[in-house]
Amino acid sequence: MTTTRRAMKETLSRGAGAAGVAAVVLWAIAPAAISAQVRMTVPPQSEPVALQGATIHTVTSGVIENGTILLEDGLITAIGTDVDIPAGTRVVDATGKHIYPGLIDAFSTVGIAEIGAVGVSNDVNELGDFNPNVRADVAVNAESRHIGTTRSAGVLTTLTTPGGGLVSGMSSALALEGWSWEEMSMQSAAALNVNWPNPNPRRFRGFGGFGFGPQREDPPSYEEQVEQLKDFFAEARAYRDAVAAGAEVRSDSRYAAMIPVIDGVLPVVVAADGAAQINDAITWAQEEDLRIVIRGGRDAIHVADRLVAEDIPVILTSTMAAPGRAYEGYDGTYSMPARLHEAGVRFAISGGSGSLYSNRLPFEAGVAVAFGLPEEEALKAVTINPAQFLGLDDRIGSLEPGKQATFLITTGTPLDMTSDIEQAYIQGRELDMMDIQKYFFEKYMEKVRQMMRRTIM
């Protein structure tokens, strides 16, 4: 019997779970096959599980001390201090630990962007200005290394979002566990994304302006782009009405994808930072009778009264950025969540305006706490708030019976970098918590140990 098979047999005979088997397999094949995420996908929940003795942070119904949470078939079936545990339930002692809902990143490219400098590993932007029929989940690489590192940070659900053009396409809600994009996809079309035009674009004409080199045409003006956007929505509305009336129309996947948006079933997430952009986007959405969410919101505090009056939520794309204007205080971005909360604006916090920062999400929220946002509000901004804004709160965002068993077991608040996320569950699956960063840590710690042994000898 080979060493690898013997190790696997011993692991299985001890009753180790998927994570234990995965560790043995990893040891056996490393480093030759460490080309993906360095984790083992685990099967769906097959037996009832009860976690006992933890402090349970439900988000919507307070904190339960010394509580029990019961999971069956991927759902939470009971939660509290006096839970009846069915026969045959596997009981997990979580005494002294904390249980939180899995964090949600409302603006992410996890799964569709891998290495920034390698173009073929990125599938974020599509050609053309109007792509409402694009769905991010069909392009997701389920073997992405970023899935493991994102989960290790406590982020268990992402709204993976395409980019480019005026209408980028549909964000897809992904549960970060599964063999394929089909298995990971919670909601293929969760929100339509619109990039609101910039009223003050920088226009570059290349070297032609100096009398040499090729001339480049200026892009459409702000007014022209807004008019294009209005025309496209008008065409989509006409298509919907014609289909509803039974008229013979040529099938168009772009307009068909717009129907649930125009009907108000799906929200429209509008990327807008400046006060003028936000105001114009709100006016446009009201004229179109759309459910709108502002994403970015750099100047949201300057239009807070209108956001509150119209009950329009905001997804902040960074709290850890430097000020963008010379007259702004150093803490302008850090304190934005606290100021929006004080003003009564509903908001979520995402993992950053860059491509692959979902693993920074808890620290984006943590910075907001350090600069005045109450911790319970910061926790809502990365759990129940994005779930509500994007129509996912019937499944995730808080710990309640009937919702998916997607949560974290921690030593403290996940918004504090001194806390450890010891285990996570997605839809009742006990995850293998290995990731590429942990693997490299162990690999090079072993190098140090070997060097120390040689020095001693």
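Pairs of residues two or more places apart, or lying in two chains, that qualify as ring-ring contact (aromatic ring centres under 6.0 Å, His included) and include a residue from residues 314-339 are Y334-F371.
Residues passing the side-chain contact (heavy atoms from CB on, under 4.5 Å) test with A256 are Y239, sequence neighbours excluded. D420 pairs by the side-chain contact (heavy atoms from CB on, under 4.5 Å) definition with T411, E422, not counting sequence neighbours. Evaluation of the side-chain contact (heavy atoms from CB on, under 4.5 Å) rule for E376 yields P374 as partners, not counting sequence neighbours. Residues that satisfy the side-chain contact (heavy atoms from CB on, under 4.5 Å) test with A281, not counting sequence neighbours, are W196, V270, I292, I294.
Side-chain atoms of T60 and T58 form no donor-acceptor pair, as typed in the model, at a separation below 3.5 Å. Between the side chains of T158 and D105, not a single donor N or O lies within less than 3.5 Å of an accepting N or O. Between the side chains of R135 and S188, at least one donor N or O lies within less than 3.5 Å of an accepting N or O. Side chain to side chain, N359 and T149 fail the donor-acceptor criterion of an N or O pair below 3.5 Å.
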- What's the verdict on salt bridge (charged side-chain N to carboxylate O under 4.0 Å, His left out) for D435 and R151, showing C-alpha distance, side-chain angles and the deciding distance? CA-CA 9 Å; D435 64 52; R151 300 187 326 181; over 6 Å; no
- Before giving the answer on side chain to side chain contact (heavy atoms under 4.5 Å, CB included), spell out for Y425 and L51 the whole-Å C-alpha distance, their side-chain angles and the decisive distance to 0.1 Å. CA-CA 11 Å; Y425 287 72; L51 294 96; 4.3 Å; yes
- What's the verdict on salt bridge (charged side-chain N to carboxylate O under 4.0 Å, His left out) for E430 and R90, showing C-alpha distance, side-chain angles and the deciding distance? CA-CA 12 Å; E430 184 177 1; R90 179 166 66 91; 3.2 Å; yes
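Looking at T109, its side chain never comes within 3.5 Å of a backbone N or O of I112 through a donor-acceptor pair. A distance-only check finds no donor-acceptor pair linking the side chain of Q52 to the backbone of T68 [under 3.5 Å]. Judged by distance alone, the side chain of S108 and the main-chain N or O of L159 form no donor-acceptor pair under 3.5 Å. Using a distance-only test at 3.5 Å, with no hydrogens or angles considered, a donor-acceptor pair links the side chain of S335 to the main chain of D331. Side chain of T160 to backbone of V110: a donor-acceptor contact under 3.5 angstrom is found. A side-chain donor-acceptor contact under 3.5 Å links S121 to the backbone of I115. Between the side chain of D432 and the backbone N or O of M40 there is at least one donor-acceptor pair closer than 3.5 Å. The backbone N or O of S168 sits nowhere less than 3.5 Å from a side-chain atom of N131 that would complete a donor-acceptor pair.
Remark: E288 does not engage K230 in a salt bridge, criterion side-chain N to carboxylate O under 4.0 Å. With salt bridges taken as basic N to acidic carboxylate O contacts below 4.0 Å, one links E183 and R429. A salt bridge links R325 with D299: at least one charged nitrogen is closer than 4.0 Å to a carboxylate oxygen. Salt bridge present: K380 and E377 bring a charged side-chain N and a carboxylate O closer than 4.0 Å.
The cationic atom of R360 (NZ for Lys, CZ for Arg) lies less than 6.0 Å from the six-membered ring centre of Y357 and within 45° of the ring axis.
A 6.0 Å sphere centred on CG of D73 holds no more than 12 heavy atoms belonging to other residues, nucleotides or ligands. Within a 6.0 Å sphere centred on CD of E342, other residues, nucleotides and ligands contribute 12 heavy atoms or fewer.
Contact annotation: the side chain of R306 approaches that of I282 to within less than 4.5 Å [non-hydrogen atoms, C-beta and beyond]. With a 4.5 Å cut-off on side-chain heavy atoms, E114 and S144 count as touching.
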Compile the donor-acceptor pairs under 3.5 Å between side chains in residues 388-399 and protein atoms, sequence neighbours left out, one pair per line.
residue: R395; atom: NH1; partner: M186; partner atom: O; Å: 3.4
residue: R395; atom: NH2; partner: Q187; partner atom: OE1; Å: 2.7
residue: R395; atom: NH2; partner: G391; partner atom: O; Å: 3.4
residue: S398; atom: OG; partner: E400; partner atom: OE2; Å: 2.5
residue: S398; atom: OG; partner: K403; partner atom: NZ; Å: 2.6

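No option in T161, N193, T317 other than N193 meets the side chain to side chain donor-acceptor pair (under 3.5 Å) test with R295.
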